[in-house]
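Inspection log for the structure reproduced underneath, given as structure tokens.
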Amino acid sequence: MSAFSTLFRRELALAWGRGGGPLLAIGFYAGAVTLLPLSANIDPAHLAAVSVGLSWVCLALASLLSLERLFERDFEDGGLDLLALGPLPLEVTCLVKALAQWLTAGAPLAVAAPVAAIALGAPAAVAPLLFAAAALGGLAFSCLGGTGAALALASRRGGLLIAVIVLPLLVPPVIFGGAAVDAFVAGLPWAPGFAFLAAYAAGALALTPFAMAGACRNAQS
Amino acid sequence: MINALANPHRFMAFSRWAAPILAVAAVALVAVGLWLGFTAPEDYQQGSTVRIMYIHVPAAWISMFSYACLGGASFFALIFRHSLADAAARAVAPLGAAFTFLALVTGSLWGRPMWGTWWVWDARLTSVLVLFLLFVGYIALRASIDDEAKAGRAGAILALVGLINLPIVKFSVDWWNTLHQGESIFRAGGSTLAPVFLLPLAIMGVGYMCAFGALWMVATRAEVWRRRASSLALQAAFS
């Protein structure tokens, strides 16, 4: 357990300090949300209709930002090889990395999401649900994004490649989360979408560490 | 059969004859299917645009089938480290992307007169588009990794992740929205399609399958030859 908590603290510290940490994701998120009304009709009724959807899809985009450095730095300086030799299985190491990514990028974005949605005209009552959905969705985004980041390790040209690999995989969480918050705003039952989102996040949390570890071993071989 | 063909020499000997035979069968079946399809009576609602079905529906079948082939080949390549399976996976990805693209384009051309729009964000269209993006992601990942073996394993992991995700994508998209007509051919209680339309469609389906098989074999053969050529070039460089 102590190896686990030591690694977890290390990953959190790295993710928090890495190139501006969560501020970078928040800054991108704020910028993207600002651009959307500028490019579209700013009639409040028009904007309010798409407000939660826009704030939700920008979350998915913002979650891609810091993925590139998730494994790359450890891979380049040999840290990943040491971690692979250490007491923890590589699967657990990858899981810890994804969780740290979630806590340092997903959680701050989950706080920012209701603010963005309300600024775009969503009713304030949606804030708790949007926060919860963004937190859960962020977990799925981190797990799938981590898989893409680990796969792109062997190529050493990360960035855009990770986005191309990961975006199609993000379809289910985007649909489930967007459906839940949209249904809440429309006064419809929102629980099914939220439950599907939670199930998807749980499934991603359980399965993607194996894909991440396999991809890391492949890049190291 | 698959076990026997896992031997590259036997596969090369087999596919040398099987690929041209399948190709001839494909040309014959597609010609007959198109002939029957274009001489079939017009649909009472859709008029002559119903004939797009004979191009569109088999392409959509093959697009799904080819991802299953990619997943299966990736599984064998990843678990058993089988180089022929890896060559087959690499060969099937552009084919699958091409059939998926064909399904999307013909569907769009069919949608314009029937639904009055080129594209709708309907469940089936969206899931086929996501399928296309998965193929593109696979091709992009393989293309960006220089080391052949690493590219194969990374691609196999991505293909398997996509294979698990694809039914969920399908389900989520269905749950999200549906406008496309429901399944009308493989359904409990028999097909809702009249036999005069069903026969040419079935012939076209088998013809597409033969064409896919022939193209896949040829592409896999080309991949095997390419690997032999590059290893010969390496040997020549070091000798």
Side-chain angles (χ1 to χ4, degrees), chain A residues 53 94 140 143-180 182-183 192-193 195-197 199-204 206-221, chain B residues 67 71 74-75 77-79 81 86 93 97 100 121-178:
Chain A
C94 293
C143 288
L144 291 168
T147 307
L151 284 170
L153 271 186
S155 87
R156 310 205 175 180
R157 72 185 79 159
L160 204 54
L161 177 67
I162 298 177
V164 169
I165 295 174
V166 170
L167 277 175
L169 299 176
L170 295 186
V171 169
V174 165
I175 287 181
F176 294 143
D182 269 337
F196 280 133
L197 179 66
Y200 190 87
L207 293 178
T208 53
F210 297 99
M212 281 190 258
C216 286
R217 287 199 191 96
N218 179 34
Q220 286 169 330
S221 64
Chain B
Y67 199 89
S74 295
F75 178 81
L78 191 66
I79 307 292
R81 302 269 169 125
D86 183 49
T100 314
W121 288 100
D122 144 80
R124 282 205 189 180
L125 278 77
T126 311
S127 55
V128 173
L129 183 60
V130 173
L131 182 68
F132 181 68
L133 293 177
L134 283 173
F135 276 123
V136 169
Y138 178 87
I139 296 170
L141 179 64
R142 283 203 77 135
S144 69
I145 302 177
D146 300 327
D147 184 320
E148 195 89 20
K150 283 186 184 180
R153 283 200 292 277
I157 293 172
L158 179 64
L160 289 179
V161 170
L163 196 65
I164 296 171
N165 213 36
L166 201 59
I168 308 174
V169 168
K170 184 90 181 84
F171 164 76
S172 67
V173 168
D174 278 341
W175 181 73
W176 162 66
N177 191 3
T178 209

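Every chain is numbered from 1 and lettered A, B, ... according to where its sequence line falls, protein lines coming before strand lines. The figures that follow rest on heavy atoms only: side chains count, while hydrogens, waters and symmetry mates do not.
- By the 30° and 60° cut-offs, the orientation of the rings of B:Phe171 relative to A:Phe176 is tilted.
- Of all non-hydrogen atoms in A:Ala215 and B:Ile157, the two that sit nearest each other are N-CD1, 3.4 Å.
- With rounding to the nearest 0.5 angstrom, the CD1 atom of A:Ile165 is 12.5 Å from the CG atom of B:Leu133.
- In terms of non-hydrogen atom pairs under 4.5 Å with chain B, the most contact-rich of A:Leu169, A:Thr147, A:Val164 is A:Leu169.
- Between A:Leu151 and B:Leu141 there is a side-chain heavy-atom pair separated by less than 4.5 Å.
- Using a 4.5 Å cut-off between heavy atoms, A:Thr208 does not touch chain B at all.
- Among B:Leu166, B:Leu134, B:Leu131, the single residue meeting the side chain to side chain contact (heavy atoms under 4.5 Å, CB included) criterion with A:Pro168 is B:Leu134.
- Only the side chain of A:Ala179 comes within less than 4.5 Å of a heavy atom in chain B; its backbone stays farther off.
- One distance of note links CD1 of A:Ile162 with OG of B:Ser144; it measures 10.0 Å at 0.5 Å rounding.
- Your options are B:Ile145, B:Val161, B:Val136, and the one with the most heavy-atom pairs under 4.5 Å with chain A is B:Ile145.
- Using a 4.5 Å cut-off between heavy atoms, A:Phe196 touches chain B through its side chain atoms alone.
- For A:Ala219, the part lying near chain B is the backbone, with the side chain staying farther off; criterion is any non-hydrogen pair under 4.5 Å.
- No side-chain donor-acceptor contact under 3.5 Å links B:Lys150 to the backbone of A:Ser155.
- Contact between B:Ala154 and A:Asn218 at its shortest, heavy atoms only, is N-ND2, 3.1 Å.
- For the pair A:Tyr200 and B:Asn165, the minimum side-chain heavy-atom distance is below 4.5 Å.
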